A.B. asks: 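Input: one structure, supplied below.
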Amino acid sequence: MIMPLTEREIAKLIDHTLLKPDATQDEIRKLCEEALQYQFASVCVNPWNVAQSAELLRGSSVKVCTVVGFPLGATLPEVKVFEAQKSIERGAQEIDMVINIGALKSRRVGAVEVDIHGVVASSHHAGAICKVIIETCLLTREEKIQASLACKNAGADFVKTSTGFSTAGATPEDVRLIRETIGPGTGIKAAGGVRTLEDLQKMVEAGATRIGASAGVKIIQQLRSEESAAASGASSGETY
């Protein structure tokens, strides 16, 4: 069991996310304002929204994260590299790419690793980090292990569970399996369906070191509410 996390520690785990296709510039502005207010690790937005986010967050500690080959992962490797490069040029500091899921399920693990390495190398060359989405809900247990090892072998900074746009999101069991597979040296981002403080805590206990969530503000507000209730109970001498 991990020690309870502080509000600051929780905020620094969260990639404050808005990836819906109809996101407006006003919504992106609000996302960035919230990220600044709560000091989240990053905002995670589509490439079209990178330049606006970078301008709004300029000079702050909040990073700009974007997605590549999203959400299907079936884009050509060269296109993924180009998308990553252009996003970084526009201000992205973190890249979340989707693996070629069909290639993995066709047992072409080498092709998957090459695909990942291209984006990882391009990201690292430009000073950005790279998280790799393996879309766990579409994989067997053995495929999750193969995908996680391909990410590690290709030099990824994080293995990320999910896009949030497929049949299911992150589970503590999948996070635990990924951690057992890749060891302690590579990050894990749990994303998709992390909506409450309890959800976040379960993912961290399983081994996640970053959380992708659109509910970051609600999670922090839930923490504050629970801490306030606990303090109120203590001051009134209540016991449970």
Side-chain angles (χ1 to χ4, degrees), residues 7-73 75 79-80 82-98 119 123 126-131 133 135 158 160-170 189-200 203 208 210-225 228:
E7 178 178 323
R8 177 175 174 78
E9 289 170 335
I10 289 174
K12 287 302 181 185
L13 289 171
I14 295 174
D15 288 346
H16 195 35
T17 303
L18 179 56
L19 292 169
K20 65 180 185 177
D22 57 344
T24 66
Q25 287 190 317
D26 286 343
E27 289 174 317
I28 295 298
R29 179 178 295 277
K30 181 182 178 184
L31 184 84
C32 292
E33 289 172 349
E34 290 171 343
L36 288 170
Q37 178 183 348
Y38 292 94
Q39 286 296 289
F40 292 130
S42 79
V43 296
C44 188
V45 297
N46 282 305
W48 172 255
N49 304 119
V50 165
Q52 180 192 7
S53 300
E55 180 61 32
L56 291 169
L57 297 171
R58 189 181 307 279
S60 78
S61 64
V62 181
K63 307 297 185 185
V64 179
C65 172
T66 196
V67 289
V68 163
F70 192 86
L72 302 179
T75 314
V79 176
K80 290 181 182 178
F82 181 80
E83 188 175 23
Q85 290 172 339
K86 290 300 179 183
S87 295
I88 293 168
E89 286 175 10
R90 285 160 173 76
Q93 298 150 296
E94 302 190 356
I95 299 294
D96 287 16
M97 70 162 288
V98 187
V119 178
S123 300
I129 71 168
C130 186
K131 314 185 201 93
I133 306 168
E135 202 68 287
F158 286 78
K160 180 177 172 182
T161 62
S162 322
T163 62
F165 283 76
S166 191
T167 57
K189 178 175 173 179
V194 183
R195 299 186 179 93
T196 67
L197 179 61
E198 290 78 15
D199 291 338
L200 181 146
M203 298 302 174
R210 191 77 71 89
I211 303 294
S214 58
V217 172
K218 292 181 180 179
I219 289 170
I220 297 297
Q221 290 175 342
Q222 182 185 352
L223 175 68
R224 290 178 179 179
S225 177
S228 177

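Values reported hereafter were calculated over all heavy atoms of this structure, with side chains retained and with hydrogens, waters and symmetry mates removed. Treat the numbers as computed from the prediction; the structure is a model and nothing was measured.
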A.B. asks: Where is the tightest heavy-atom contact between T66 and S87, given as atom of each residue plus distance?
C.D. replies: CG2-CB, 3.6 Å
A.B. asks: Can you sort out the partners of S228 under side-chain contact (heavy atoms from CB on, under 4.5 Å), two or more places apart, ordered by chain and number?
C.D. replies: none
A.B. asks: State, yes or no, whether a side-chain contact exists between V62 and Q39 at a heavy-atom distance under 4.5 Å.
C.D. replies: yes
A.B. asks: Name all residues meeting the ring pair (Phe, Tyr, Trp, His ring centres under 6.0 Å) criterion together with F165; count only those two or more places apart in sequence or in a different chain, and write none if there are none.
C.D. replies: F70
A.B. asks: What distance do R90 atom CZ and I88 atom CD1 have between them, rounded to the nearest 0.5 Å?
C.D. replies: 11.5 Å
A.B. asks: Please answer whether the main-chain N or O of A191 pairs with a side-chain N or O of T161 as donor and acceptor at a distance below 3.5 Å.
C.D. replies: yes
A.B. asks: What are the two closest non-hydrogen atoms of A92 and V50, and how far apart are they?
C.D. replies: N-CG1, 3.5 Å
A.B. asks: Among residues at least two apart in sequence or on other chains, which ones pass salt bridge (charged side-chain N to carboxylate O under 4.0 Å, His left out) with E33?
C.D. replies: none
A.B. asks: Working to the nearest 0.5 Å, report the span between CD1 of I211 and CG of D199.
C.D. replies: 9.0 Å
A.B. asks: Please enumerate all residues that pass salt bridge (charged side-chain N to carboxylate O under 4.0 Å, His left out) together with K12, with sequence neighbours excluded.
C.D. replies: none
A.B. asks: Would you list the pairs meeting salt bridge (Lys or Arg N to Asp or Glu O under 4.0 Å) in which at least one residue belongs to residues 215-225, sequence neighbours left out?
C.D. replies: E7-R224
A.B. asks: With no hydrogens and no angle check, do the side chains of Q222 and T196 hold a donor and an acceptor under 3.5 Å apart?
C.D. replies: no
A.B. asks: How close do V68 and K80 get, heavy atom to heavy atom, and via which atoms?
C.D. replies: CG1-O, 3.4 Å
A.B. asks: Which pair of non-hydrogen atoms, one from S162 and one from I133, has the smallest distance, and what is that distance?
C.D. replies: C-CG2, 3.4 Å
A.B. asks: Could you work out, with side-chain contact (heavy atoms from CB on, under 4.5 Å) as the rule, every residue matching S225, not counting sequence neighbours?
C.D. replies: none
A.B. asks: Suppose we screen for salt bridge (charged side-chain N to carboxylate O under 4.0 Å, His left out). Which residues come up paired with E198, at least two apart in sequence or across chains?
C.D. replies: none
A.B. asks: What closest approach, in Å, do V64 and G91 show between heavy atoms, and which atom pair accounts for it?
C.D. replies: CB-O, 3.7 Å
A.B. asks: Minimum heavy-atom separation for K189 to D96, with atom names?
C.D. replies: NZ-OD2, 2.7 Å
A.B. asks: Just verifying a value: how many Å separate L36 CG and L56 CG, rounded to the nearest 0.5 Å?
C.D. replies: 8.0 Å
A.B. asks: With sequence neighbours excluded, what pairs up with A23 under the side-chain contact (heavy atoms from CB on, under 4.5 Å) test?
C.D. replies: L18, K20, E27, I28
A.B. asks: In sequence, state the C-alpha distance, the side-chain angles, and the governing distance for C65 and K131, and then conclude on side chain to side chain contact (heavy atoms under 4.5 Å, CB included).
C.D. replies: CA-CA 10 Å; C65 172; K131 314 185 201 93; 3.4 Å; yes
A.B. asks: Would you mind listing every side chain to side chain donor-acceptor pair (under 3.5 Å) that reaches into residues 40-53, with sequence neighbours excluded?
C.D. replies: D15-S42
A.B. asks: Pick from R210, K160, K63: which one makes a salt bridge (charged side-chain N to carboxylate O under 4.0 Å, His left out) with E94?
C.D. replies: R210
A.B. asks: How would you list, by chain and number, every residue that makes a side-chain contact (heavy atoms from CB on, under 4.5 Å) with A11, sequence neighbours excluded?
C.D. replies: F40, I220
A.B. asks: Can you name the salt bridge (charged side-chain N to carboxylate O under 4.0 Å, His left out) partners of E135, sequence neighbours left out?
C.D. replies: none
A.B. asks: Sequence neighbours excluded, which residues qualify as ring pair (Phe, Tyr, Trp, His ring centres under 6.0 Å) partners of F158?
C.D. replies: none
A.B. asks: Could you state the interatomic distance from SG (C32) to NE2 (H16), rounded to the nearest 0.5 Å?
C.D. replies: 8.5 Å
A.B. asks: Find the distance between CG (L13) and CG (L200) and round it off to the nearest 0.5 Å.
C.D. replies: 6.0 Å
A.B. asks: Should L19 and T163 count as side-chain neighbours, where that means a heavy-atom distance under 4.5 Å?
C.D. replies: no
A.B. asks: Measure the shortest side-chain to side-chain distance between P47 and K86 over non-hydrogen atoms and say whether it is less than 4.5 angstrom.
C.D. replies: no
A.B. asks: Within the structure provided, determine whether P71 and V98 are in side-chain contact (heavy-atom separation under 4.5 Å).
C.D. replies: no
